[in-house]
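Worksheet: the structure to be examined is printed underneath.
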Amino acid sequence: MTKQNQPELYVMGSSSKGLSLTDPRGWDGLNANSLSDIPGITAHEAYTSEAWTRRCVSVRANGLASMPFTMTKLGSDIPVWTQDEEPPDDLAFLDMFGFLFRASASMALKGFFAAQLEGQFKRSDFAMTKITGLSWLNPNTVSYVGEKGEYGPGPDGKFRYWKRNVNGSAKYLPVEWVASGSVPSPFAEQGYGSSDGEASKAHSQILQDMASFTSDQLRSGLPKKTVFVVGPDAPKNPSEETVKGLELWISKFLRGAKGTPPKILQGIDTKEIGSNLSDLQNAAISADAREAIATGYGVPHSLVLSNAANFATANQDVLNFYNTTVIPESRILQRVLNNRVLNLMGYQLKFEPKKLEAFQQAELQTAEKVFTLTGGRAVLSRRQAGEMLGVDYTPDDIEELNRIDAQRGAQSTQAPIRHIDQDLNAWRRKVAKRGRDVDFSPDYLGDHEASVIRERLTNKHIPVDDCFKGPFVGF
């Protein structure tokens, strides 16, 4: 009985199912369809159509893609590429930010990532001999081949091929041609397991259903739906005259007439159902779903909403985010890129999270605490201060600190003695290894003597050995 611009009417028996507001197809007749027939949201759909899920994944992926890194030649400490520079010519194919973003998002949503190596390979075992490119593979189109057969696992049970479905046809790629990484899973002996997106998709479904229902109601003007409920006293198998009487009464009812229906219509009651704006409020359910999604993807709630109570809380949330989510994921990416791509090209990648502003700020706060506790006095040894600040000492630094500690122990019962030669020898060794501009903090040399040596080292015409010869005057 539905007409354009008129309320929808339903006649329902006492045994009929109720209308389901959560089912977008639930207004069809008596809603005979069951919710179990409606497919649930996938992690891919949650990312593309549900705003909160997309934001959480983007925050996580941007965190990894923005991680400072240093690229060096194998066996060298000299950087050839950092996050703020252009890549070397032979790595121009690698969009580091884009690749890291995709890899992080893919691991969050699918549990793994994969990219195809391009270049030259051995025909005997498919091993790559020269790499000239790296092409991203849509994780929805690729999977390991686990079934027995030509492309199935080898005698040792290990996967040998990836299967890629494109436009209805299958293409098989040897594992040697694919750089891939996955989130460790206790339920996967090899390959990849489940993902954070899979664990969070039910909560993404809640938010999407709420948004869709609210949108549908608002777009339709929050319509009220009039339902005529047929009770047990209603006439059975009504005659044509009774049906016409029912239609006449309904017509009058819709024009505003009230009161008891005619006697022949006894047992029929009216119910009005629908939504007001106040009925669409779902703050508690939405908040719980959002928090569950953020937790599932390993993103602090405050980073998505930017609602941390204060700077200290926000900074701590950032540190927790990197320490528990981004840094562990970066280790997977670093290992895969080095072992499958960069080492074969003579390069080595290293992520450097300590260069991030949040970690720099944390170290500064630690230094300020040390300064406050010591009253601004130099009462700590270099080793003690370094340990409090979390400094990573090189083997040369450790050797130097051990020497200083041993010397101080031998001098504990006598007046301090300046051993300038020890500083000179240590400084000379570091210059020989790392160049004239290497940083060095002397323990025994005076400030004037150290400044003279530094000034000499800037003059390339002065031999290195002569820079460390006294007297230290004339500058």
Task: Verdict with supporting geometry, Val80 and Lys73, side chain to side chain contact (heavy atoms under 4.5 Å, CB included) - done: CA-CA 7 Å; Val80 296; Lys73 286 284 189 178; 4.3 Å; yes

Do the side chains of [Y] and [X] get nearer than 4.5 Å, heavy atoms only?
X: Ser182; Y: Met107; value: no
X: Pro87; Y: Met96; value: no
X: Leu305; Y: Trp52; value: yes
X: Tyr297; Y: Val59; value: no
X: Ile293; Y: Ser204; value: yes
X: Met210; Y: Ser286; value: yes
X: Phe113; Y: Val142; value: no
X: Pro68; Y: Asp84; value: no

Residues [X] and [Y]: side-chain donor-acceptor under 3.5 angstrom:
X: Asp209; Y: Gln205; result: yes
X: Asn425; Y: Arg428; result: yes
X: Thr141; Y: Asn165; result: no
X: Gln361; Y: Asn315; result: no

TODO: Determine the interplanar angle of the Tyr192 and Tyr144 rings, folded into 0 to 90°, and report it as parallel if under 30°, tilted if 30 to 60°, perpendicular if over 60°.
DONE: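 Ring orientation, 0 to 90° scale: parallel.
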
- [ ] For the residue pair Trp136 and Phe99, categorise the inter-ring angle as parallel (less than 30°), tilted (30 to 60°) or perpendicular (more than 60°).
- [x]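 Aromatic pair Trp136/Phe99 classed perpendicular.
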
TODO: Not counting sequence neighbours, list each pair that qualifies as a side-chain hydrogen bond (donor to acceptor under 3.5 Å, both in side chains) and has a residue in residues 333-342.
DONE: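 Not a single pair qualifies under side-chain hydrogen bond (donor to acceptor under 3.5 Å, both in side chains).
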
Task: Within residues 95-120 or reaching into it, pairs that qualify as side-chain hydrogen bond (donor to acceptor under 3.5 Å, both in side chains) - sequence neighbours excluded - done: Ser104-Glu329, Lys110-Asn140, Glu118-Ser135

Heavy-atom neighbours of [X] [atom1] exceed 12 at 6.0 Å:
X: Glu357; atom1: CD; answer: no
X: Asp125; atom1: CG; answer: yes
X: Asp447; atom1: CG; answer: no
X: Lys163; atom1: NZ; answer: no
X: Asp439; atom1: CG; answer: no
X: Leu74; atom1: CG; answer: yes
X: Asp466; atom1: CG; answer: yes

Return yes if some donor-acceptor pair links the side-chain N/O of [X] with the main-chain N/O of [Y] below 3.5 Å, else return no.
X: Arg164; Y: Lys171; answer: no
X: Arg456; Y: Ser451; answer: no
X: Ser180; Y: Ala114; answer: no
X: Gln190; Y: Gly157; answer: yes
X: Asp423; Y: Asp443; answer: yes
X: Ser66; Y: Asn62; answer: yes
X: Trp162; Y: Val145; answer: no
X: Glu352; Y: Lys355; answer: no
X: Glu45; Y: Thr42; answer: yes
X: Glu291; Y: Asp288; answer: no

TODO: Would you sort out whether Val464 and Arg436 count as a side chain to side chain contact (heavy atoms under 4.5 Å, CB included), showing the intermediate values?
DONE: CA-CA 8 Å; Val464 172; Arg436 288 173 172 256; 3.8 Å; yes

TODO: Start with the C-alpha gap between Val178 and Leu117, add the side-chain angles, then the distance that decides, and say whether side chain to side chain contact (heavy atoms under 4.5 Å, CB included) holds.
DONE: CA-CA 6 Å; Val178 178; Leu117 301 171; over 6 Å; no

Please give me the minimum heavy-atom distance between [X] and [Y], naming the atom from each residue.
X: Ser200; Y: Gly296; value: OG-CA, 3.6 Å
X: His301; Y: Ala294; value: CD2-CB, 4.3 Å
X: Gly146; Y: Phe159; value: CA-CE2, 3.7 Å
X: Ser185; Y: Ser194; value: OG-N, 4.4 Å
X: Arg54; Y: Thr48; value: NH1-CA, 3.9 Å
X: Ser49; Y: Gln208; value: OG-NE2, 2.8 Å

Open item on the list: Would Asn320 and Gln316 count as a side-chain hydrogen bond (donor to acceptor under 3.5 Å, both in side chains) here? Give the steps.
Closed with: CA-CA 6 Å; Asn320 290 339; Gln316 188 59 49; 3.1 Å; yes

- [ ] Identify which one of Thr70, Thr72, Asn343 satisfies the side-chain hydrogen bond (donor to acceptor under 3.5 Å, both in side chains) criterion when paired with Gln348.
- [x] Asn343

Task: Value rounded to 0.5 Å, distance of CG in Leu457 from CG in Asp437 - done: 9.5 Å

Task: Distance in Å, Thr53 OG1 paired with Leu207 CG, rounded so as to fall on 0.5 Å steps - done: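 It comes to 6.5 Å.
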
Open item on the list: Salt bridge or not between Arg60 and Asp196? Use side-chain N to carboxylate O under 4.0 Å.
Closed with: yes

Task: Ring centre gap for Trp427 and Phe468 strictly below 6.0 Å - done: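 Ring centroids of Trp427 and Phe468 are less than 6.0 Å from each other.
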
Open item on the list: Please report whether the ring centroid of Trp81 lies less than 6.0 Å from that of Tyr347.
Closed with: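 That pair fails the under 6.0 Å test.
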
Open item on the list: Show every salt bridge (charged side-chain N to carboxylate O under 4.0 Å, His left out) that has at least one partner inside residues 175-188, sequence neighbours left out.
Closed with: none

Open item on the list: Arg55 vs Val299, test: side chain to side chain contact (heavy atoms under 4.5 Å, CB included). Steps then yes/no.
Closed with: CA-CA 10 Å; Arg55 178 59 180 160; Val299 180; over 6 Å; no

